[in-house]
Every structure is written in structure tokens, then in C-alpha cells.
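Take a look at the structure below.
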Amino acid sequence: MAATVGRICGVGLLKPSNLTTISQKSSYSTAKDWTWGKKALLGSLGLVAGGTGAILFALDQSVKASDLELHPPKNIWSHTGLFSAFDHASIRRGYEVYKQVCAACHSMRFIAYRNLVGVSHTELEAKAEAEEQMVEDGPDDQGNMFKRPGKLSDYFPSPYPNEEAARAANNGAYPPDLSYIVSARHGGEDYIFALLTGYCDAPAGVVLREGQYYNPYFPGGAISMAQALYNEVIEYQDGTPPTASQIAKDVSTFLKWTAEPEHDDRKKMLIKAIGIFTFLIATCYYIKKLKFSSLKTRKIEFRPKE
Amino acid sequence: MGFSNTIYNSIFKRTSTMALAIVASAFFFERTFDLATETFFDKYNEGKLWKHIKDKYE
């Protein structure tokens, strides 16, 4: 290694030029002894390497721009921001939308009625929601399965018993489970909102098969889900005007909550972390200054024996 | 200097009292720190949290 370095840079790097006096920074330069030709060679090599990198970067960017995909615009959500919690009234309305519109085709297997308690519903309300559906339980003492009203610990009912049944009922397209859909799609809740409100007529040249619809935000454009949200497609309990964009915003907030139920606690924890680490870093800085003050101000003297 | 001398002699001098002081101050510090951050969080998100809207549904 030392021999290689010596061959490339000259011996200057390996052998300090001036041992007895404190030298200037410039005297550590290894390029001083190079010939003009060597400097030119290394300079052009650097230019070629940098230029190649720049060209590769530019090519990569242009390849990305050629993708036929419409990225959703970034919206300012009520929970956008370092310390902003969810708008829980919006989560509650979003649950109404999910229950009355989305749940016809989409399952939500990982959310139970107990998860709603203290987030969007009181315990009594969540119990009433759970009791609206019949759940298969058992076996009883005769060994038979039976139906009973839902309990808080039950998960949201699935519209289809399995994926095959869901595909058979939907032209072969599988309506994905919505529990973690916001985390599972690029763009998150912005994508969900743009998808729900972005249906339009297919442009010329796009061929859709039967049962497909055109949505520019869906990768590929052809989506098997029909437009589900229109103005006043449902009625809100709290009297909020149910416009299509309001419904889409509420259900996106609800889905964001199902994907990240720890969201509010996480942001509260950030406030605590900022507070405690400000204190700790200030303390560490002070102690460092204190301990180093004696080291930095001392003087070392060399007194040779006479 | 009187105050700091008293503190030093009564608490910091002995390991036993020092450890006790650390435990006691950690208890009170955490309670007040949690209270302060949670108050800030609630004020920052006034009207959005469940605790702010739940009286409508009870």
C-alpha cells in the first residue's frame, strides 16, 4: 500500500518534508512536486469522472419523467405538521363513509371495534356498532357453529369470505384490504384522496375492458373500482355537508388513522423528545466545556537537563 | 454560599442521600414534564382531539 501511494503521490505524502520546524499547511501539499503532465492527466481524469456522474444523474432523472403515472398533489391535511394530531371528528365521519360505502367491497381485517373506543366513538357507541353485525362463533356444546351479535373485541366484517370469492364477484379484480392501505401506497392519504376524486373519461387511445374505469392516478390508468363517491352519496350524522371532496377527505383521514393508529402518541412523543434532548445536549455541552477548560488552558514546557 | 453549602452537606455529600435525591427529583421532574408537554399538545391541537369532541356523543 505504502509503495502504491508513494508511486502515485510521490514520497512527499509518506515523509514529512520538515521535521524540525512547524511548517505551513501548504508545505504538506503533495502536488507541488508533480510535473505539468501529471497535473494535466489527473485534472482531466477528475473532469471525466465528474462529467460521467452528472450525465448518469441527468439520464436517471429523464427516465423517471417518462413514466406514465400521475403523481397525486400534496394536500395540507389537518394532521400535516410536526405536532398536529388527527382531526378526530373527521375520523368519525370517515368511519361512517367506510361503513356505508367502502365496506360493500373492501375488508378491514385488522381493525376491531374496540379500536374505535376513545378515538372516534364512546364505548357504548362502539358496542352498538359491533352489535349491528352477526359474527360466527362456536363451537357450542353440541359442536355446532352459531351466530351471535358482534362484541367490542370482534374485527370489522369482511364482505367476502376469501380472496377467490372477492375476485369472482369483481371481474377478477381483488378489492384490497383497507387496514394499512395508506402505508401500502405511494403518496399515502394524498393518493387515496386523488384516486377517489380523480375519475374522468378515458383519453383517446386508451382501451378499457368491460368493468374497467379510467383513473389517471391509478398506475396504468385502468381501475376496476367504479367511482364510489359523489355529492350527497351518504348523510353525515353531525350535519357536515357531504360533498364528494369532503367525503373523500374524511375517509382518507380515517384510513390514515387505521394505518397509523399510534400517530397522535408519536407526535406527542416528539414534543417530549425535543424537550428532553434540548436539556441533555445543553448539559453535555456545558460539561464538555468545563472538563476541557483545564486541558485547553494548560501549557507544556520542555526543559532539557543541563 | 450558605444555600449551596447546606445542599451539599445535606444531600450531595453522602451517596445514600444523593441516590434518594435523584429518585425523588426524577419522579417530580417526569410528572411536571409530562404535564407540560401534554398541555402544549392539547393547546396546539385544540378542538381536534377526541377529548375535545367526546362530550357531544355522551
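What you are looking at is a predicted structure, and each value in this text was computed from that prediction instead of being measured. Chain letters run A, B, ... following the sequence lines, proteins first, then strands; residues in each count from 1.
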Next item on the list: Would you give the length of the straight line joining atom NE2 of B:His52 to atom NE2 of A:His88, rounded to the nearest 0.5 angstrom?
Entry: 10.0 Å

Notebook entry, point to check: Is chain B contacted by the side chain of A:Phe86, its backbone, both, or neither, given a heavy-atom distance below 4.5 Å?
Noted result: backbone

Checklist line | Crowding at CZ, A:Phe146 (>12 non-hydrogen neighbours, <6.0 Å) | finding: yes

Next item on the list: Nearest 0.5 Å please: distance from the NZ atom of A:Lys272 over to the CG atom of B:Asp34.
Entry: 3.5 Å

Margin query: Does B:Glu30, at its CD atom, have more than 12 non-hydrogen atoms belonging to other residues, nucleotides or ligands within less than 6.0 Å?
Written below: no

Item checked: Spatial distance of atom CZ (A:Phe279) from atom CZ (B:Phe29) [nearest 0.5 Å] -> 6.0 Å

Item checked: Neighbour count >12 (heavy atoms, 6.0 Å) for atom CE, A:Met269 -> no

Item checked: Heavy-atom contact with chain B under 4.5 Å, split by part of A:Ser78 -> both

Next item on the list: Heavy atoms only, distances under 4.5 angstrom: which of B:Glu38, B:Lys54, B:Glu58, B:Lys51 has the most pairs with chain A? Name it, please.
Entry: B:Glu38

Next item on the list: Please name the pair of heavy atoms, one in A:Ala85 and one in B:Leu49, separated by the smallest distance, quoted to 0.1 Å.
Entry: CB-CD2, 3.4 Å

Checklist line | Crowding at CG, A:Leu290 (>12 non-hydrogen neighbours, <6.0 Å) | finding: yes

Check: Looking at A:Ile91, A:Thr122, A:Asp264, which one forms a side-chain contact (heavy atoms from CB on, under 4.5 Å) with B:Trp50?
Finding: A:Thr122

Margin query: Rounded at 0.5 Å granularity, tell me how far CZ in B:Phe41 sits from CG in A:Asp265.
Written below: 7.5 Å

Check: For the residue pair A:Ser84 and B:Tyr44, what are the closest heavy atoms and their distance?
Finding: OG-CE2, 3.7 Å

Next item on the list: Let me know if A:Ile276 has heavy atoms under 4.5 Å from chain B in its side chain, its backbone, both or neither.
Entry: both

Notebook entry, point to check: CD of A:Glu235: more than 12 outside heavy atoms within 6.0 angstrom?
Noted result: no

Note to self: Tell me whether A:Glu232 at atom CD has more than 12 heavy atoms from other residues, nucleotides or ligands lying less than 6.0 Å away.
What the structure shows: no

Next item on the list: Find the distance between CZ (A:Arg92) and CD1 (B:Ile53) and round it off to the nearest 0.5 Å.
Entry: 7.0 Å

